[in-house]
There are 2 protein chains.
Amino acid sequence: MAEPAYQRLDVDERRAQLLELGARLFTEHAYDELSMAQIAREAGISKALLYHYFPSKQAFFVATLERGATELVALTEPAADLPPAQALDQTLDGFLAWIEDHRETYLKVMRSSTGHAEVRELVEGVRAETAARLLDGLTGGEPPPPALRAAVRGWLWFMDGACQDWLEQEDLGRDEVRGLLLGTLAGAITASGHAELLAKLAE
Amino acid sequence: MAEPAYQRLDVDERRAQLLELGARLFTEHAYDELSMAQIAREAGISKALLYHYFPSKQAFFVATLERGATELVALTEPAADLPPAQALDQTLDGFLAWIEDHRETYLKVMRSSTGHAEVRELVEGVRAETAARLLDGLTGGEPPPPALRAAVRGWLWFMDGACQDWLEQEDLGRDEVRGLLLGTLAGAITASGHAELLAKLAE
DNA sequence: GAGTCTTGTTGACCGGCGGTCGACAGCGAC
DNA sequence: GTCGCTGTCGACCGCCGGTCAACAAGACTC
C-alpha cells in the first residue's frame, strides 16, 4: 500500500510552483474567470493550501506579476550617474527588450481585465518612477515645470500605446519603435516649451 | 392604512433614476466594493427589480458610463469634410471641454479601464475611431504606413496620460494642454518619418 | 364600487465564490 | 517506535451575482 495521500513539498518549492502556475493561468484567463478552487485543482492541491501560501486571491494575483515587475524595474534601472542621454538609452533598451521577451505578460497587464487597483498601482508606480528618473536627468533635480511634467507623463503613456501597436501589428522593427519613442519624447519636450533641455538628451 | 407597500414608477422614470444613482455610486466607490444588493437598497427597491432593468452588474455598470461615452463621441465628431487641420482642432476642443466638465467621470473611466473588459473596449473603441479619423485626414484614405499608425495610436495614449496629469495636478491651463498635445502630435509624426504630412495639419 | 387585466415589483431561493478553521498525516529527530 | 513539527486537507461560513413564480398598484371597464 503506502501511496501517500498527498505529496509534501518544501515551502519554497511549493510557493514557486504556485507562482509559476499562477503566472501561466493568469495570462491565459482573465482574473474573474479563474476561481481559487480551480487554481488549486489545477495545482493538484486543496484550496486551503493555496490560502496558506497567499492571504487572498488579489495578493496571489499581484504576486504572480511581481516577479515580472521587479525584473522590469531592474532592467530599466540605468547604471548610476550616467549622463541623461545614455541613461535614457539604457532604460529604453531594457524596456523594449523585456517587452519583446514577455509579449503576452505585457499585453495582459496592459489590458488586464482583472483590473483591481493593485495592478493599476503597479503600472502607475513603474511609470511614476521612470518619470521621476527622467525628469531628474532633465532638470538636474529641480522640481519640473508643470508642462514638462505633463509632457513626460504623457510620453510614458505614449510608450505603452505605441508598444501595444508594435506587439499587436508585428510590422515594425524594434529600432523603428525606439526611434519613434525617442523622437516623440523630443517632440513632447519641445511642445512643452522646454526645447532648451533637449541638449541634455543629445550628449 | 392604505400606504401602498411600494411606489410604482413608469419604466423610463425608474430606469433613469437607477442610471443616475449608479453613475453617482460608481464614481464614489469601486466596482467591486458595490454589491447589487447595496445598490438596490440605496435605490429603495429590491435587487430583483434592478435585475429586471439591467441583465447583469457589468451591463448596469457599462450603462451608467454609456451616456457619457456617446456624448463624448458626438462632441469630438468634427463636422463632415472639414480640412484635417480644422477637424483636429474641433476634435481636440471637444475632447478637452468634455473632460473639464466631467473630471470625475473621466478619471474614473481611465482608472477602471484596466479593470473590466467592457470599459476597456469602450475606451479602445473611442481611441480606434479617433485614430482612424486622424489617419484618414493625413493619408487621404490610403492605408497608413506602420510607423505612422503606431505614432498616432501612441499619441492617443499620450493624450490620456497628459490629461490625467492635467486634471490631477491642476496647475496647467487648457490652452497649454492643447498646445502640448498638438505639438507632440507633430513631433510623433515627424519621429515616424513622415514629416511631409505635417503640411496637412498646418493648413 | 366590484371585477379584471396589465405589468412593475417582490421575497425566497440557488450554485458558487472568496475565505477560515480544526483536525489529519508525512517525515525527520531521538 | 513514537513524538513533534508543520504541510496539508475537508468541511464549513457568509455573501455575491443571478433567477423565478407569485403578488399588488393602478388604469380601465361596466
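Below, chains carry the letters A, B, ... as their sequence lines are ordered, and counting in each starts from 1. Predicted model, so just to flag it, every value in this text is computed and none were measured.
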*Stepwise side chain to side chain contact (heavy atoms under 4.5 Å, CB included) check, B:M159 with B:Q164*: CA-CA 9 Å; B:M159 211 161 88; B:Q164 277 182 69; over 6 Å; no

*asked:* Is there a salt bridge (charged side-chain N to carboxylate O under 4.0 Å, His left out) between B:R15 and B:D10? Walk through the geometry before answering.
replied: CA-CA 9 Å; B:R15 209 186 141 83; B:D10 181 80; over 6 Å; no

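Note on B:K108 versus B:E28: no salt bridge recorded, every NZ/NE/NH1/NH2 to OD/OE distance being 4.0 Å or above. Under 4.0 Å is where a charged nitrogen must lie from a carboxylate oxygen, and between B:E168 and B:R103 no such pair does. Using a 4.0 Å cut-off between charged side-chain N and carboxylate O, B:R67 and B:E20 make no salt bridge.
Looking at which nucleotide of DNA chain C each of A:S35 and B:R14 is closest to, the 5′-most match is held by B:R14. Comparing A:D10 and B:M36 against DNA chain D, the residue whose closest nucleotide sits nearer the 5' end is A:D10. Comparing B:Q38 and B:P55 against DNA chain D, the residue whose closest nucleotide sits nearer the 5' end is B:Q38.
What separates CZ of B:R41 from P of D:dG17 is a distance of 11 Å, to the nearest Å. Rounded to whole angstrom, the span from the CZ atom of A:F54 across to the C1' atom of C:dT20 amounts to 18 Å. Across the protein-nucleic acid pair, B:D32 atom CG and C:dC17 atom P stand 16 Å apart, rounded to whole Å. A:E33 places its CD atom 17 Å from the P atom of C:dG16, with the value rounded to the nearest Å. Atom CZ of B:F60 and atom P of D:dG18 are 12 Å apart (whole Å). Put simply, CZ on A:R15 is 13 Å from P on D:dG7, counting in whole angstrom units. Distance OH (B:Y53) to C1' (D:dT19): 18 Å, rounded to an integer number of Å. Taking atom CZ of residue B:F61 and atom P of nucleotide D:dG17, one finds them 13 Å apart after rounding to whole Å.
Contacts with DNA chain D (heavy atom under 4.0 Å) in residues 45-52 of chain A: A:I45, A:S46, A:A48, A:L49, A:H52, listed by number.
For B:Y6, whose side chain is taken as the heavy atoms from C-beta onward, the closest listed nucleotide among D:dG17, C:dT10, D:dG7 is C:dT10.
Under 4.0 angstrom from either OP1 or OP2 of D:dA27 there lies no side-chain N or O belonging to B:R8.
B:L156 approaches B:A131 most closely through the heavy-atom pair CD1-CB, 3.5 Å.
In this structure, A:L34 reaches the sugar-phosphate backbone alone: every heavy-atom distance under 4.0 Å involves primed, P, OP1 or OP2 atoms, never a base.
Between the CD1 atom of A:I45 and the CG atom of A:L18 there is a distance of 4.5 Å, given to the nearest 0.5 Å.
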